[in-house]
2 protein chains.
Amino acid sequence: MKLSNKGRYAVMALADLAKFNTNKPISLRDISLRQGISLLYLEQIFLKLKKNKIVVSARGMNGGYNLNKDASEIKISEVLNAVDEKVKTIGCTKDSKKGCNGKSVKCITHNLWDELELHINDFFNKKNLGDLIKGRNENTI
Amino acid sequence: MKLSNKGRYAVMALADLAKFNTNKPISLRDISLRQGISLLYLEQIFLKLKKNKIVVSARGMNGGYNLNKDASEIKISEVLNAVDEKVKTIGCTKDSKKGCNGKSVKCITHNLWDELELHINDFFNKKNLGDLIKGRNENTI
DNA sequence: ATATACCCGACTATTTTAGTCAAGTATATT
DNA sequence: AATATACTTGACTAAAATAGTCGGGTATAT
């Protein structure tokens, strides 16, 4: 059970964006250099963030990205969903026909995974980008 | 972020073992049939469970497995660790040299993933196999 | 003897993740 | 107008993890 780089990078990049936030757009090149994330990979990630209205883009020279709303209003869950980093714990309902269907007939562990999923999503729903900025100190990069 | 089948199967199989618990060993064949998990895959999983002293085996005809202690004393975290299903959220400290090292210099998201890991592990530490048995009803398989 | 069932390492196929590439389009600056 | 910067898009590839199989054991009850 692990978190993917894509999800991690998305949050890192947005935190960077929130930290250096000005009225001017910030280029992916800058974020790439500061956070050590491949530029090409960042491009892919930011397309999704843009589609999900988490960032707004400015094209051309001096272009880049800005947050679409205040950092404190961007939940981590929102970010992870945007880059398709969903929390999935249950696989038992996939081959529906026989066995656990999650409704009338449940496997003995079904509720456990359900609870776990809620537990994790709850965590991501309670944290926002603003929290990350607030919590940092002088050793934070 | 998802849970692997291996971890899921391990918990399912042990719950099955706890449910049908008698003084006689229970064969993997029975568990395989009841839970719909490949016998060969179960063998692989139970070798690890055995190495970690979660089950004891009886070889030969009428052989099989039994729990090594009371179901209420087997934590889910123990089971998942036994089959190498660790919770890993942090990848930023891998290329140690520059950037986040998790100690003197931390990336802005480091604490977040640390907290998440604790949050998930906490969940698994609080749940045991006994809880699953207690919580079931007549529709549970 | 023989069938059952655990034991063990190696192997393969599938899926997911991670990251790259090529070929654009838009815009500020010179 | 030319140019460099930087976003846009879809497809492509490589690497890693997962899921599951295979073959050839050994132990034991009947």
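Throughout, protein chains are lettered first and strands after them, A, B, ... in sequence-line order, and every chain is numbered starting at 1. Side chains are part of it too, since the values below use all heavy atoms of this structure and drop only hydrogens, waters and symmetry mates. A quick note: this is a predicted structure, and the numbers were derived from the prediction, not measured.
Counting to the nearest Å, the P atom of dA18(C) and the OH atom of Tyr9(A) are 8 Å from each other. Note: CG (Asn5(B)) to P (dT21(D)) measures 12 Å, nearest angstrom. Between Ile45(A) atom CD1 and dT20(C) atom P the separation is 11 Å, expressed in whole Å. The interatomic distance linking Leu47(A) (CG) with dG10(D) (P) rounds to 9 Å, in whole Å. Atoms CG (Leu39(B)) and C1' (dA5(C)) sit 9 Å apart, rounded to a whole Å. Rounded to whole angstrom, the span from the CD atom of Glu85(B) across to the C1' atom of dA19(D) amounts to 12 Å. Rounded to whole angstrom, the span from the CZ atom of Arg29(B) across to the P atom of dA3(C) amounts to 15 Å. Between the C1' atom of dG10(D) and the NZ atom of Lys51(A) lies a distance of 10 Å, rounded to the nearest Å.
Residue-to-nucleotide contacts include no donor-acceptor pair under 3.5 Å from the side chain of Gln44(A) to the base of dT9(D).
The phosphate of dC7(D) (OP1 or OP2) has no side-chain N or O of Lys50(A) nearer than 4.0 angstrom. Using a 4.0 Å cut-off, some side-chain N or O of Ser38(A) falls inside it from OP1 or OP2 of dT20(C). The shortest distance between the side-chain N/O atoms of Ser4(B) and the OP1/OP2 oxygens of dA19(D) is below 4.0 Å. Residue Ser57(B) has a polar side-chain atom (N or O) positioned under 4.0 Å from OP1 or OP2 of dC7(C).
Between Met61(A) and Asn62(B), the one whose closest nucleotide on DNA chain D sits nearer the 5' end is Met61(A). Position along DNA chain C of the nearest nucleotide to Lys2(A) versus Gly60(A) favours Lys2(A) as the more 5'-ward residue. Place Leu3(A) and Glu43(B) on DNA chain C by their nearest nucleotides, and Glu43(B) ends up nearer the 5' end.
A salt bridge links Glu78(B) to Lys69(B): one of the charged nitrogens lies within less than 4.0 Å of a carboxylate oxygen. Classification of Glu85(B) and Arg8(B) as a salt-bridged pair fails, no side-chain N sitting under 4.0 Å from a carboxylate O. One finds a salt bridge joining Asp131(B) and Lys134(B) here, because a Lys/Arg side-chain nitrogen approaches an Asp/Glu carboxylate oxygen to under 4.0 Å.
In this structure, CH2 in Trp113(A) is found 5.0 Å from CG in Leu3(B), a value given to the nearest 0.5 Å.
A side-chain contact (heavy atoms from CB on, under 4.5 Å) with Asn66(A) holds for exactly one of Asn21(A), Asn23(A), Leu17(A); it is Asn21(A).
Of the candidates dC7(D), dG19(C), dA19(D), the closest approach to any side-chain atom of Lys6(B) belongs to dA19(D).
When heavy atoms are screened at a 4.0 angstrom cut-off, Tyr65(B) is found touching the sugar-phosphate backbone but no base atom.
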